[in-house]
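Everything below concerns the one structure shown next.
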Protein chains: 2
Amino acid sequence: MVTNISHQGKGSSNSCSHCNLKKICFPHGLSASELSTFESSVDQTVKLQKKQKLYSRGDTLKSVYAIKAGSIKTYLSTSKGQSQVLGFHMPGDLLGFDGFADDTHSSDAVAMEDTILCELPLANFENLCEVLPGLRKVMMQQVGSEINRHHSLVLTLGQMQTEERLATFLLRLSCYYQKRGFSCVQFNLPMPRHDLANFLGMAPETLSRMFAKLEKQQVISIQRREVTILDMDGLLNLSHEMCTHDVA
Amino acid sequence: MVTNISHQGKGSSNSCSHCNLKKICFPHGLSASELSTFESSVDQTVKLQKKQKLYSRGDTLKSVYAIKAGSIKTYLSTSKGQSQVLGFHMPGDLLGFDGFADDTHSSDAVAMEDTILCELPLANFENLCEVLPGLRKVMMQQVGSEINRHHSLVLTLGQMQTEERLATFLLRLSCYYQKRGFSCVQFNLPMPRHDLANFLGMAPETLSRMFAKLEKQQVISIQRREVTILDMDGLLNLSHEMCTHDVA
DNA sequence: AAAGATTCATGATAAATATCAAGCGATATA
DNA sequence: TATATCGCTTGATATTTATCATGAATCTTT
């Protein structure tokens, strides 16, 4: 299968210990000595321009990636040309687990804006797992988090009405920003309405109406992509999730 | 947190090499020598009666389980008493990944009928990963499969209409039985309508109507829980999934 | 700055699905 | 055997959401 990936200039070796995401990204769980062993194996930085693909369905799994800057959208396509956004991934997030079943990616990943990623080649990863028990642990935690996020998304799509889906999404995004040291009451949506509507399983028009509804209730205000949460409790009341408040 | 688990009589040590699921269950991917090391660590058999819980949300993750006989339903609950079925798990399936993020189960698992499971305590598992590279590999494959199943479920709930959801579900179940050597055109639904409707994100009445609709189209026939697929191509036409046909 | 394209919002209408209500048949219980 | 209960189906209706159509606002390109 032909791949569309073209890594725009691979950077130099990375240093997790000097990374500004070191409190967020997954190597955070490693001990100091483990980290120094680990760092030398995250051998490359991958740069993608907006709309460039990181991988496509059917591609062989070569590496796991951590987002350093920018954002990535993952999605699934059907035989009839429909698609379903699986997630919006931001700095500190890990990508590539969709390929573990059979070493082949089952989803597509595309840059939503210019994006920089750290690349951890799978061969290195397997060797490292041999010698770093902490890495195995941290990896399983990451996998567990991903599974929990999926569970939460299934609950959202399966049980909630459109207004509640949006409220739940906004709350998760809010928590996500808070964890990264940004404001949890004012932030930008990193994706267009079209993608968000698809992710939330509704028509774009419905999403628009739900934004309008939340605004009329004075729960949020939104201008283009800038969201301000005016009434956090109100938003929480609209969402009935068993809040662990992981990110979407 | 109080747990409702009461393991009804732990059995003796298991032998994967003599298990009738050895072609299906995950240790299948291990080499002969790895398997013998592995077997001794799957130290217990857990027996559950119908409706008994294997674990609940909030319980500490102690073990990973493989289903030997019977079936398990996993589900998530919301603060308002709603719930969402996450999956119906059958012999050969692995359970417990929902607890990896923070060593705490985030979902509930309950026996849909009298069920027997193999228990792999986490402590053993971590030690084994140290010495068995194949186990790490197989485990990551299992995790990858679980993630792929979730992706597929998200697609189903997010994009498909009720008829297509049901058609897709029946096809997956059919493949599942086929892989296990059973008929792929005639089989029993292991769950009541109520649970299936919840899993598929629709009202039980809607599920009934969709079954009726598929019957009228002569695509299936169904009596209580016994399904016969009359027109496999017809069913495939109703489902637009990019078929990897993993199980639901 | 003008023209075109894109993104988003909103109204009117149609379609899908949930809810409410009733009843049927199988199984369990007395 | 009679009775109650449970799981399921089916009909009538209400609600939610999608679709279609239009237009405004923003961004891009010339």
Side-chain angles (χ1 to χ4, degrees), chain A residues 49-51 73 78 80-85 88 112-114 156-170 188-217 220-228 238 240, chain B residues 49-51 73 78 80-85 88 112-113 156-170 188-217 220-227 238 240:
Chain A
Q49 290 181 325
K50 184 173 179 173
K51 297 195 177 176
K73 172 180 79 170
T78 71
K80 298 294 169 206
Q82 286 175 299
S83 65
Q84 168 69 41
V85 173
F88 305 106
M112 297 162 67
E113 60 193 305
D114 290 1
T156 302
L157 293 173
Q159 301 297 323
M160 297 180 188
Q161 313 225 104
T162 54
E163 184 184 29
E164 188 174 0
R165 288 184 210 176
L166 177 55
T168 302
F169 172 80
L170 290 173
N188 270 75
L189 299 178
M191 75 293 288
R193 299 283 192 278
H194 172 80
D195 283 339
L196 181 54
N198 178 285
F199 177 66
L200 295 177
M202 63 184 79
E205 295 93 331
T206 305
L207 178 63
S208 250
R209 285 183 238 274
M210 291 307 139
F211 271 127
K213 197 170 171 189
L214 292 183
E215 278 202 296
K216 186 150 39 174
Q217 294 174 257
I220 65 164
S221 84
I222 178 165
Q223 307 256 102
R224 280 195 61 70
R225 293 193 185 178
E226 182 171 309
V227 176
T228 308
L238 291 173
H240 298 147
Chain B
Q49 290 182 326
K50 184 173 177 171
K51 298 194 179 178
K73 171 181 78 171
T78 70
K80 298 295 170 203
Q82 285 175 299
S83 65
Q84 169 68 41
V85 173
F88 306 107
M112 297 162 68
E113 60 194 306
T156 302
L157 293 174
Q159 301 297 323
M160 297 180 189
Q161 312 226 104
T162 55
E163 185 185 30
E164 188 174 0
R165 289 185 210 176
L166 177 55
T168 302
F169 172 80
L170 290 173
N188 271 75
L189 299 178
M191 74 294 287
R193 299 284 192 277
H194 172 80
D195 282 340
L196 180 53
N198 178 286
F199 177 65
L200 295 176
M202 63 184 79
E205 294 93 333
T206 304
L207 178 62
S208 249
R209 286 183 240 274
M210 292 306 138
F211 271 127
K213 197 171 172 189
L214 293 183
E215 278 203 296
K216 186 150 39 173
Q217 294 174 259
I220 65 164
S221 84
I222 179 165
Q223 307 255 103
R224 279 190 63 68
R225 293 195 187 177
E226 183 171 309
V227 176
L238 292 172
H240 298 147

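Residue numbers begin at 1 in each chain, while the letters A, B, ... track the order of the sequences.
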**OP:** Check whether any side-chain heavy atom of Gln159(B) sits under 4.5 Å from a side-chain heavy atom of Asn198(A), and report yes or no.
**Re:**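 Yes. Closest side-chain heavy atoms under 4.5 Å.
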
Subject >> Lys213(B) and Glu163(B), any side-chain heavy atoms less than 4.5 Å apart >> reply: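 In short, these two side chains touch, coming nearer than 4.5 Å.
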
So, for [X] and [Y], which heavy atoms are closest and what is the spacing to 0.1 Å?
| X | Y | answer |
| --- | --- | --- |
| Leu214(B) | Leu238(B) | CD2-CD1, 3.4 Å |
| Phe199(A) | Gln84(A) | O-NE2, 3.3 Å |
| His194(A) | Pro204(A) | ND1-CG, 4.5 Å |

Roughly how far apart are [X] [atom1] and [Y] [atom2], rounded to 0.5 Å?
| X | Y | atom1 | atom2 | result |
| --- | --- | --- | --- | --- |
| Met202(B) | Thr162(B) | CE | OG1 | 5.0 Å |
| Ile220(A) | Leu170(A) | CD1 | CG | 5.5 Å |
| Met191(B) | Met112(B) | CE | CE | 5.0 Å |

Original post:
For the helix from dA1(C)-dT30(D) to dA30(C)-dT1(D), what is the angle between the axes at its two ends, each from 5 pairs, rounded to 10°?
Top reply: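 End-to-end axis angle for the helix from dA1(C)-dT30(D) to dA30(C)-dT1(D): 40°, rounded to 10°.
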
Subject >> Start and end of chain B contact along DNA chain C [non-hydrogen atoms, under 4.0 Å] >> reply: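 Both ends considered, the range comes out as dA16(C) to dC20(C).
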
Original post:
Which letter, B, S or -, goes with each nucleotide of nucleotides 7-18 of chain D from 5' to 3', with contact meaning a protein heavy atom under 4.0 Å?
Top reply: -SBBBB---SSS

Subject >> Candidate pair Leu189(A) and Ile222(A), rule side-chain contact (heavy atoms from CB on, under 4.5 Å), full reasoning >> reply: CA-CA 10 Å; Leu189(A) 299 178; Ile222(A) 178 165; 4.0 Å; yes

**OP:** Tell me, please, whether Phe211(A) has Arg193(A) positioned over its six-membered ring: NZ or CZ under 6.0 Å from the ring centre and within 45 degrees of its axis?
**Re:**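 Yes, cation above the ring, under 6.0 Å and within 45°.
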
